[in-house]
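This chain uses plain numbering: 1 for the first residue, then up along the sequence. Nothing here was measured: the structure is a model prediction, and the numbers come from that model.
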Amino acid sequence: KFVIGIIFVSLCSWAWAQDVTRIVNASPVGTLGDVVPRVITAEIGQERYIIESMTGGFGSMAMLEVQKAKPDGKTLLVASIGSVITRRIVANKLTDIKEDFVPILTLASTPQVLVASPKLSIRNVSDLVKYAKTNSNIPFGSIGVGSGQHLTGLDMSIILGMTINHIAYKDNNRLLIDLSNNDISLAVQSAPSVLGFVNSGKINALAIMANKRIDSLPDVATAAEQGFPRLQSTLILALFAPSTTSNATILEIRKQFETAMAKDTVKRKYTELGIDQDSMSITKLTEFINAETNRWNNILQRNNVILTQ
């Protein structure tokens, strides 16, 4: 009886494991990349998913883990489109994203916010342009060379005709603390990340880098409203599968997530987090990633920035 019991438990454990999907997250625990898939899978059935963070190499560890996984839909990647693009540029893969992954759907998007130290007399983009005329190599913080924040900072410097001194951080909260203390002058951050700092007056929000204002920071004008329509950046979180995953499996996963994301409970949570559901077809998402890969690669080359492993 004891042996039979062990066999039964082992078989149950094996069956449970076969029905569980592993979502590998390229972002740290507690960030949007971790929180958003938990919100969605809770609606689908949390017991069917294991979500784990692998943050080494700006997400490269997570991406490699999923790339080598069996293409059965049981191992998926959650990552910002920016981190996927960075990884592809590092590997000198500037062709179709489907060489590495099949994009399934976008999970969330949130506009980036251009922020500055409150100890500087900068309240908007025009103030920043004036400041940059007499101050070169303005200290700009990001979470690392090649990160979405870094690339957006480079793009901003080109658009505004300014120079920045890039300072890389390993911890985003440390970056925000240093910004509030004027140890660095500028940063680009997702709206949820800076909401508390802005509302408490610890940092200044200069512009929403999108076409419209956001509810969580209603008094902060967009860059376009301020006369700088090219100054745009949105953090987009997406779900990916290994490149050889069948189309039928991809469509089934997409359907499950879209159904969950349409629920009122999920929509309310998105509102609380200050994020949007930015739906794209698989074809449009694929085309978008390919186009952005080439655009960001051109920006890096223009600034003589070489990304390494």
Side-chain angles (χ1 to χ4, degrees), residues 10-91 93 95-109 148 235-261 266 277 279-283 285-286 288-290 293 309:
S10 297
L11 287 173
C12 287
S13 298
W14 177 86
W16 176 82
Q18 301 309 301
D19 194 43
V20 170
T21 297
R22 180 182 176 219
I23 296 180
V24 183
N25 170 28
S27 305
V29 173
T31 61
L32 283 180
D34 177 58
V35 173
V36 170
R38 293 184 189 279
V39 170
I40 299 170
T41 56
E43 190 64 41
I44 299 173
Q46 186 70 59
E47 71 282 354
R48 293 168 56 185
Y49 293 87
I50 296 174
I51 300 173
E52 59 181 281
S53 289
M54 286 185 151
T55 58
F58 301 109
S60 62
M61 284 181 61
M63 294 175 210
L64 288 171
E65 182 74 10
V66 175
Q67 274 183 276
K68 68 183 183 182
K70 186 178 179 181
D72 56 2
K74 295 299 182 182
T75 305
L76 305 174
L77 171 72
V78 170
S80 71
I81 287 177
S83 62
V84 172
I85 288 171
T86 298
R87 171 64 192 169
R88 288 177 58 74
I89 292 174
V90 168
K93 292 183 175 181
T95 53
D96 196 339
I97 177 66
K98 287 190 176 180
E99 289 182 357
D100 296 326
F101 302 104
V102 181
I104 302 174
L105 81 166
T106 53
L107 300 180
S109 67
L235 173 66
I236 301 176
L237 199 66
L239 186 68
F240 300 86
S243 61
T244 55
T245 306
S246 71
N247 189 52
T249 299
I250 294 296
L251 293 177
E252 178 59 30
I253 296 169
R254 182 180 173 100
K255 181 181 177 181
Q256 288 180 352
F257 275 72
E258 285 181 330
T259 299
M261 290 165 67
V266 174
Q277 294 186 9
S279 180
M280 294 187 204
S281 68
I282 293 175
T283 299
L285 180 55
T286 301
F288 175 76
I289 294 172
N290 290 338
T293 299
Q309 297 279 5

Closest heavy-atom contact between [X] and [Y]?
X: Ala79; Y: Ala26; answer: CB-CB, 3.9 Å
X: Val20; Y: Lys74; answer: O-CD, 3.8 Å
X: Val78; Y: Gly33; answer: CG1-O, 3.6 Å
X: Ile40; Y: Leu107; answer: CD1-CD2, 3.9 Å
X: Asp100; Y: Gln67; answer: OD1-NE2, 3.1 Å
X: Ala238; Y: Ile81; answer: CB-CG1, 4.3 Å

Calculate, to the nearest 0.5 Å, the distance between atoms [atom1] and [atom2] belonging to [X] and [Y] respectively.
X: Leu285; Y: Ile289; atom1: CG; atom2: CD1; answer: 4.0 Å
X: Gln256; Y: Leu105; atom1: CD; atom2: CG; answer: 11.0 Å
X: Ile104; Y: Phe257; atom1: CD1; atom2: CZ; answer: 7.5 Å
X: Glu258; Y: Leu251; atom1: CD; atom2: CG; answer: 9.5 Å

(request) Take Thr21 and Arg48 through the test side-chain contact (heavy atoms from CB on, under 4.5 Å) and record every step on the way to the result. (result) CA-CA 6 Å; Thr21 297; Arg48 293 168 56 185; over 6 Å; no
(message) Filter on salt bridge (Lys or Arg N to Asp or Glu O under 4.0 Å), then keep only pairs touching residues 28-39, sequence neighbours left out; what's left?
(response) Asp34-Arg38
(request) Quick one: which residue pairs count as a salt bridge (Lys or Arg N to Asp or Glu O under 4.0 Å) with a foot in residues 241-250, not counting sequence neighbours? (result) none
(message) Could you check whether any side-chain heavy atom of Phe101 comes within less than 4.5 Å of a side-chain heavy atom of Ser243, counting everything from C-beta outward?
(response) no
(request) Compare all side-chain heavy atoms of Lys70 with those of Thr75 and state whether any distance is below 4.5 angstrom. (result) no
[X]: what forms a side-chain hydrogen bond (donor to acceptor under 3.5 Å, both in side chains) with it, not counting sequence neighbours?
X: Arg22; result: Glu52, Glu65
X: Thr106; result: none
X: Ser246; result: Thr249
X: Ser80; result: Ser83

(message) Please check this pair: side chain of Glu43 against backbone of Val266, looking for a donor-acceptor N/O pair closer than 3.5 Å.
(response) no
(request) Only one of Ile50, Ile51, Val66, Leu76 passes side-chain contact (heavy atoms from CB on, under 4.5 Å) with Val24; say which it is. (result) Val66
(message) Is it true that Asn25 and Ser53 share a donor-acceptor pair across their side chains at a distance under 3.5 Å?
(response) yes
